[in-house]
Amino acid sequence: MSASMQPLNAAMYAVVFLLFSRIELILGYDENTRTCPSPCTCFGDLLDCSRLKRRGIPENLPEWTVQFKQRQSQTLSLHTTCDKQPLCLCVYRKLNNNEFETVPDLGPHAANITTLILANNRITKISLEQLRPLQRLETLDLSNNSIVDIKADSFPALPLKNLIMNNNRISTLETGCFVNLSSTLQVLRLNRNRLSTIPAKIFQLPNLQHLELNRNRVRRVEGLTFHGLHALRSLKIQRNGISRLMDGAFWGLSNMEVLQLDYNNLTEVSKGWLYGLLTLQQLHLGHNAIMTLFSSFSCSPSLSFPSHFLSYSHCELPTPLSFSLSLSSFVGLSLLDELHIGNNRVSFIADGAFRGLSHLQMLDLQNNEISWTIEDMNGPFSALDKLRKLFLQGNQIRSVTKKSFSGLDTLEHLDLSNNAIMSVQGNAFVQMKKVEELHLNTSSLLCDCQLKWFPLWVAEQAFLPYVNASCAHPLMLKGKSVFTVRQEDFVCDDFPKPQITVQPETQSAIKSANVTFVCSAASSSDSPMTFAWKKDNEVLNDAEIHNQAHLRAQGGGQGRETEVTEYTTTLQLRSVEFTSEGKYQCVISNHFGSSYSTKAKLTVNSKLNNLLVLILMFVLNWCCR
Ligand SMILES: *[C@@H]1O[C@H](CO)[C@@H](O)[C@H](O)[C@H]1NC(C)=O
Ligand SMILES: *[C@@H]1O[C@H](CO)[C@@H](O)[C@H](O)[C@H]1NC(C)=O
Ligand SMILES: *[C@@H]1O[C@H](CO)[C@@H](O)[C@H](O)[C@H]1NC(C)=O
Ligand SMILES: *[C@@H]1O[C@H](CO)[C@@H](O)[C@H](O)[C@H]1NC(C)=O
Ligand SMILES: *[C@@H]1O[C@H](CO)[C@@H](O)[C@H](O)[C@H]1NC(C)=O
Ligand SMILES: *[C@@H]1O[C@H](CO)[C@@H](O)[C@H](O)[C@H]1NC(C)=O
Ligand SMILES: *[C@@H]1O[C@H](CO)[C@@H](O)[C@H](O)[C@H]1NC(C)=O
C-alpha cells in the first residue's frame, strides 16, 4: 500500500495525514509496527510530510487523503478543524506565498470533501461555479483572504453548516446572499471584516445558532436587523464602535442565550433594544461608555410623574413599546444569569434598575463610577435575590454601609478590591451568610472605634487570604495592617469624616421664585472639603453654590473641649421653573470620606394654580356647608 505514497513523493507536496483507524486500513499503515513512510515523519497519530515542497493541489489526491497541508511547519492545530470528519481536505498556503485567487478546482475529489479550509490565501471572490462541485461540503473556512463582498448567487445549495470568513475585506452583503444556505447553516463567522451596515433581515437563516460579527465597522444597528434568526443562540458584535442600538434591534431572536456587545460605544442600556430577548442568559456590555443604568425611558428625565403616567411623547419610542410601563431597564430578562457591564462609566444606578433580573447569578460592575450607589443607596442590589457573584473592583468606593448590600442573601463571592475603602460599617456584610470569598484591599482605612469589629470578623469568616487592609488614620496607626492593631487601639478620639449637622429642607415654591437649600457638616479634620449638590441623583455641575467654613467648639467628652470646623453649603436656585422640581441632596467630602444628606423635595406651583386651589376651597366650603 505504500505504493500509494508514490505520487506524493514524486511530486514535492507537503502532505499531512491524520490517521484514523478506518483510514489506516486503507493506507495499510500498521499502527502497531508504526512504520513511517519516508520522507515523512511520524509522531503519535500524525504523519507529517510537510518537508516536501510543491505548489498547488495535487492532481490525483489519493482517496484516503484526510488532510492535505501545504508547507506548514505545525500540524497539531489541524486537529481542531479536521478531527473526526469522515473526509477532510485542508488546503493552506504558505503564509507569505499567495497561492489561490479563487476556490481551486479539486477535481473528482470535490464531491466527497466535507471540510475545506482555504484560509490564508488570496481569494477575492466566491462563485456558484467554483463551489458547486462540493456537494457534501459542511464546513468552509475562507478566513484570511481578500473577499470584498458576498454577492447574491455566491452559494449553490450545499449542505453547509459552518461558514467562516473571518479577516477578509467584506463590506457588503447582498440581499439574498445566504438564501441557498438557509436550511443548513448553523455557524457563520464574519469577524474582522469591513461591514458598516447590516441590511435588515439579511440573515434569513432559521437554523443558524452562532453568528459572529466582531471587529467590523457597524456603528448603528437598526430594528429588525436580525429578524429571521429564530434558532440563534449566540451573537457576538464586539469591537465595532456601535453607538446606537435602535429599538427592536434584536427583535425576533427568541432563542438567544448569549449576547456580546463588549468594546463598543454604547451609552445606555435600554429596554427598547433589549426588547424580545426573552431567553437571554448572558449579556456582555463591558468596555462601552455606558453611563447610567436607568430606565429605558431616561429620555424623560423629569420623573416627577408617577411612573404610570410616564409620557413618551418626546422619546420617539415606537408604539409597540409603549405598553411597557416599567421603570426597570432589564424587565423581561428574567432568565439572564450573567450581566457584564464592567469598564464603563456607569455612575448612576436607579432604584429598581435590576428589578426583573430574578435569575441573575453574576453581576460584573468593575471599574465603573458607582461609589455613591454603594455609599448612599438603599439596597441597590436587593432585587437580585439569586446573585452569587458581585464584582465591584475599582469603583472608588470609600465606604460600605449596612444598606449597601442588603438583600444579597445568596451571595458567595464579593470583590471590593482596588477601592480605597475607608470605612466599613459594623455588620455591613451580616446578611450575606453564604459568602465564601470577600476580596478587599485598601490602605485607606479609618481605624477608629467603629472598625473594631472588622479584623475579628474577617478572621472568624476565614477571609484573611483575600483581605489586605491597612490604616491611614489615626496617625498613630498609619500604614499598619488592620490585623496587627490591638483591639484597645481602635478608639474614637475624633471624627475626621464629615458628619451632616444640618439637612436640606423640603419646600414648595411658586414659579419664578428664588429658592435656597442649605446643608452643613462638621469634621475634626482640617483636610479640605469638597461640596456637591445633586438633583434626582445627578450632580449639578453649573449650579450656583456658596460655601462657608466656621470654627465651632464642641464638647469632646470627658470634659474636653475640642474645636471642630463646620462647613455650610448653600444651593441657590434662581427663578425656578417646573423643571426645577425634584429631590435635592448635598454631598460633603474630604479625604476621609463623603457624607450624604437626606433628599429634600422641591415642588413648584404656578400662581394661577394657587389661586384655583383657593377658589376651589372657597367654593367647596360654601356649597357643602
Ligand atoms: C467518494 O466516496 C465514495 C463512497 O463514500 C467512493 O465510492 C468514491 O470513490 C469517492 N470518490 C472520490 C473521488 O474519492
Ligand atoms: C488568520 O491570520 C491570523 C493572523 O493574521 C492568524 O492568527 C489566524 O490563525 C489565521 N486564521 C486561520 C484560519 O488560519
Ligand atoms: C441557489 O442555488 C442554485 C443552484 O444551486 C442557483 O441556481 C441559484 O442562483 C442560487 N441562488 C442564490 C440566490 O444564490
Ligand atoms: C466613541 O464615541 C466618541 C464620541 O462620540 C468618539 O470620539 C469615539 O471615537 C468613538 N469610538 C469609537 C471606537 O467609535
Ligand atoms: C489592590 O489590588 C490591585 C490589583 O490587584 C492593585 O492594583 C492595587 O494597587 C491594590 N491596592 C492597594 C491599596 O493595595
Ligand atoms: C498589601 O498591600 C500593601 C500595600 O498596598 C502591599 O505592599 C503588600 O505587599 C500587600 N500584601 C499582600 C499580602 O498582598
Ligand atoms: C431672585 O434673585 C435675583 C438675583 O439676585 C433678583 O434680581 C430677583 O429679584 C430675585 N427674585 C425674587 C422673586 O426674589
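Residue numbers start at 1 and run along the sequence shown. Numbering of ligands and ligand atoms starts at 1, following listing order.
- Contact record, Ala420 with Ser444: CB-OG, 3.5 Å, taken as the closest heavy-atom pair.
- Nearest residue to atom 11 (N) of ligand 2 from Asn167, Asn145, Asn144, Asn166 is Asn144 (criterion: closest heavy atom).
- Taking the six-membered ring where the residue is Trp, His439 and Tyr466 present tilted rings, their angle falling between 30° and 60°.
- For atom 9 (O) of ligand 5, the closest non-hydrogen atom on the protein side is Asn418 OD1, 4.5 Å.
- Atoms of ligand 5 lying under 4.0 Å from any heavy atom of Asn441, numbered from 1 in the order shown and given with element: 1 (C), 2 (O), 3 (C), 8 (C), 10 (C), 11 (N), 12 (C), 14 (O).
- Salt-bridge formation is not detected for the pair Glu412/Lys434: no Lys NZ or Arg NE/NH1/NH2 atom is positioned less than 4.0 Å from an Asp or Glu carboxylate oxygen.
- Residue-ligand proximity: Asn468 is placed with every non-hydrogen atom at 4.0 Å or more from ligand 5.
- Of the candidates Leu158, Thr175, Asp153, Asp153 brings a heavy atom nearest to atom 14 (O) of ligand 3.
- Shown here, atom 4 (C) of ligand 5 is out of close reach of the protein: none of its heavy atoms lies under 4.0 Å off.
- Within the listing of ligand 3, atoms 2 (O), 5 (O) sit less than 4.0 angstrom from a heavy atom of Ala157.
- Counted by atom type alone, Asn264 and Asn240 present zero donor-acceptor pairs between their side chains at under 3.5 Å.
- When non-hydrogen atoms are compared, ligand 2 lies under 4.0 Å from the side chain of Asp141 (C-beta onward) but not from its backbone.
- Ring orientation note: the planes of Trp457 and Phe463 are nearly perpendicular, at an angle over 60° on the 30°/60° scale.
- The proximity of Asn180 to ligand 3, defined as any non-hydrogen pair under 4.0 Å, is limited to the side chain.
- Put simply, part of Ser443 is less than 4.0 Å from ligand 5, judged by heavy atoms.
- Remark: ligand 2 atoms within the under-4.0 Å shell around heavy atoms of Ala119 are 12 (C), 13 (C), 14 (O).
- Leu229 and Leu211 make their closest contact through CD1-CD2, 4.0 Å (heavy atoms, listed as atom of the first residue, atom of the second, distance).
- In this structure, Phe391 and His413 have tilted ring planes: the angle between them lies in the 30° to 60° band.
- Proximity of Ser527 to Phe592: side-chain heavy atoms (C-beta onward) are separated by under 4.5 Å at one or more points.
- Not a single N or O atom of Arg132, backbone or side chain, sits closer than 3.5 Å to an N or O atom of ligand 3.
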